[in-house]
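All figures in this text were calculated on a predicted structure; none of them were measured in a lab. First the proteins, then the strands, lettered A, B, ... as listed; each starts at 1.
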There are 2 protein chains.
Amino acid sequence: MAGHMAGHRAGHRPEREPRRRVTIADVARHAQVSTTAVSKVLRNAYGASPAMRDRVKAAIEELGYRPHAAARAMRGRTFTIGVLIPHVRNPFFADVLDGVGEQLGGSGYQAILVQGGSTDLAAESRAVEALIDRQVDGILMIAPITPKSRLEEVAGEMPLIVLGRHERSSAYDAVFDDDDAGTELVVRHLIELGHRRIGHISQRNAGRGKPVALPHLTRAETYRRVMTEHGLEGEIAIATTSWTEEGGYDGTRELLARSPRPTAIFAGADQAAFGALSALHEAGLSVPGDVSVAGYDNTRLAAMANISLTSVDQDGTLMGRTAARLLLERVEGRTAAMRFSVTPALVPRLSTGPAPGSGAGA
Amino acid sequence: MAGHMAGHRAGHRPEREPRRRVTIADVARHAQVSTTAVSKVLRNAYGASPAMRDRVKAAIEELGYRPHAAARAMRGRTFTIGVLIPHVRNPFFADVLDGVGEQLGGSGYQAILVQGGSTDLAAESRAVEALIDRQVDGILMIAPITPKSRLEEVAGEMPLIVLGRHERSSAYDAVFDDDDAGTELVVRHLIELGHRRIGHISQRNAGRGKPVALPHLTRAETYRRVMTEHGLEGEIAIATTSWTEEGGYDGTRELLARSPRPTAIFAGADQAAFGALSALHEAGLSVPGDVSVAGYDNTRLAAMANISLTSVDQDGTLMGRTAARLLLERVEGRTAAMRFSVTPALVPRLSTGPAPGSGAGA
DNA sequence: ATGAAAGCGCTAACAT
DNA sequence: ATGTTAGCGCTTTCAT
């Protein structure tokens, strides 16, 4: 794992000649028209004859001209949308980005991503400011931990879509999963299998102020509610770690330390569920013989035969596609707030089974 | 999984007042100095007295001024580096980005990411052009499929670091894993365990021209070499799919269809190895009893107890950190090419064991 | 329909 | 040490 550095051998020509880029002026000269004309053609604006359009387009082609986004930013649009993502490690976000990419393809808009850090509010703020400073035309924030008040400020400066949060705002659009419904599906599934001691792994809230309406809150709350509705309020056990493999592992160890130990674990996310499976394996417990495990997100890995993790499918691609569409609408001028929620579905697999000695199920 | 859209209820005030941003001129006025002075303070440039620095800094603070990256782009630096990533789904890249983030933290530079698509050269080209058009100060390309000639063109326009490719160029720096050494470690490991029929899962080359020097080429080549060196050239079996769960699954099915079937599979990447484990499980074969499996990358998941995948560790964080450092050096003026290679290490786990009936090992 | 020209926010000569 | 000023490439009035 050590690194080895080597310098350059051959003595080529390491000059970086700042070979001036083709500008709108070059195109104008080449096509024998004004820069205004070129600009109009570029933006499909009114006031250019078909003949002129053709000449300009030909010149653009010949010279290989591409607009300079930074210069555009100073006056009009950059045709760039900024996406804030907590961390690229979460595969669910990859689905969302696939959807964003699908929707943006051919629209002329380019997505640029910045990582927020998922637990560090200061880092997330810097990332968002970086997007604003770079004059993107609109911002999509995925599961941000930024307080609502600040989101509304950002929305005051530019079009904003927030994905994965439940609060209602008139300043930005919201795209989210119906986490309440999804959680109800899993928890009931476990209860119907005869489980009573069902543990839950949740995430720590970021920051110290009022927690923002992120999915982990809804999932934990609904877990409590459904447990209570089934007379299981005494069995509620939540380990608050993080939705990562490590978090799932630690949370599971914590839950297993209880006596008697839970017979089922609802990890709030697949990533945490993978850690749970690992911890159970290490503890010599069989799944689902001794302990059932369910996740949330239905990541690709959950479907693998040797994992076969019961999970809740939320259509991340659809969420991403919708978010991007809403954002483009806002860029084009819409100001009324919209909310879009996807309805999740339970995907039962082999990681959940009847509670030991319950007589339920097979 | 259906979606539900809801419009806005309350009739707030949906205006987006383009509340003019604070500019350098505002700061100058507030501090009673010239814009030049402010610019100098901003860039820590020569020619500003401590007294003036303080006043300007105070004004910046009071007004909440942040430089306008687009305006900066037109003259000097944007303090932005662009990172091209094939796809955020690959967890190894997450490690690399962690390293990049570590190195950039506090440097004043911000990383923006664009996704290339990993198999679509046109998409990758667009992504790179997008970075160039946005006037980033330098570009880091992770495992690009772009031909070397084009990379050198890009390097002619701005500082460039290429991560994960082996060709030598005097125009850009290269940061890569010693894939030859890593592959030799795994393949020998399997051979020492008594395996002879060792299959390999590789990736399809992107594009139709001469394949670029990406890791999958080196890994496949070294696999052939080591097999041959041990008199196993007759046992060479490569399934060429892709380094994803699906690719690993399909590749494994393909390898298992051979008769006699392999007793070990070296998947070129952990992601593919996970798919391999799934396919083996589905086929009712035990790991490592019937078939051993090894991956490459040593992702977090590989270490989970219930997976316990033998893998090769390449320090992605170190690679990312180094790449970012080299890029900043180039931004600061270095032009001589550098190459940095990390040395991989084998991490044997439970997914590899003695070949059935070989008598080797326990 | 077309083009001249002002200016977006900043940096870097070039004065002073 | 400090300030004046000319652009960077583009969009957008506003004449013509």
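An OP1 or OP2 oxygen of C:dC10 is reached within less than 4.0 angstrom by no side-chain nitrogen or oxygen of B:Ser39. A:Tyr46 has no side-chain polar atom (N or O) that falls below the 4.0 Å cut-off from OP1 or OP2 of D:dT13.
Here A:Ala70 lies out of heavy-atom contact (under 4.0 Å) with every strand. If you check every strand for non-hydrogen atoms under 4.0 Å, A:Val38 touches nothing. B:Ala48 comes within 4.0 angstrom of the backbone, heavy atoms only, and of no base. Residue-level contact check: A:Thr23 touches the backbone only, with heavy atoms under 4.0 Å from sugar-phosphate atoms and none from bases.
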Could you walk me through whether A:Lys57 and A:Asp54 pass salt bridge (charged side-chain N to carboxylate O under 4.0 Å, His left out), step by step?
CA-CA 5 Å; A:Lys57 283 188 171 164; A:Asp54 291 345; 5.9 Å; no
Could you check B:Gln110 against A:Arg134 for side chain to side chain contact (heavy atoms under 4.5 Å, CB included), going step by step and ending with a plain yes or no?
CA-CA 11 Å; B:Gln110 169 74 34; A:Arg134 277 154 192 78; 3.8 Å; yes
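Atom CD of A:Glu61 has 12 or fewer neighbouring heavy atoms from other residues, nucleotides or ligands inside a 6.0 Å radius.
In this structure, CZ of B:Arg43 is placed 11 Å from C1' of C:dA13, rounded to the nearest angstrom. Taking atom CZ of residue A:Arg66 and atom P of nucleotide D:dC10, one finds them 11 Å apart after rounding to whole Å. Here C:dT11 presents its C1' atom at 11 Å from NZ of B:Lys40, a figure rounded to the nearest Å. Whole-Å rounding puts the A:Asn44 CG to D:dT11 C1' distance at 15 Å. Following rounding to the nearest Å, B:Gln135 (CD) and C:dG9 (P) show an atom-to-atom distance of 19 Å. As a whole-Å value, the separation of B:Arg75 CZ from D:dG7 P is 9 Å. The nearest whole Å value for the distance from the CG atom in A:Asp133 to the P atom in C:dG9 is 13 Å. We find that CG of A:Asp26 is positioned 13 Å from C1' of D:dC10, with the value rounded to whole Å.
Comparing C:dC10, D:dT11, C:dC8 by their closest approach to the side chain of B:Arg72 singles out C:dC10. Relative to the side chain of B:Ala71, the nucleotides C:dC10, D:dG9, D:dT11 differ in distance, and C:dC10 lies closest.
Using a 4.0 Å cut-off between charged nitrogen and carboxylate oxygen, B:Asp95 and A:Arg89 count as a salt-bridge pair.
Residues A:Thr35 and B:Ser49 both approach DNA chain D. Their nearest nucleotides, taken by heavy-atom distance, put B:Ser49 toward the 5′ side. Between B:Ser34 and A:Arg77, the residue whose closest nucleotide on DNA chain D is further toward the 5' end is B:Ser34.
For B:Thr36 and D:dT4, a side-chain-to-base donor-acceptor distance below 3.5 Å is present, hydrogens and geometry of angles not being considered.
Distance check, rounded to the nearest 0.5 Å: CG of B:Leu84 to CD1 of B:Ile142 gives 7.5 Å.
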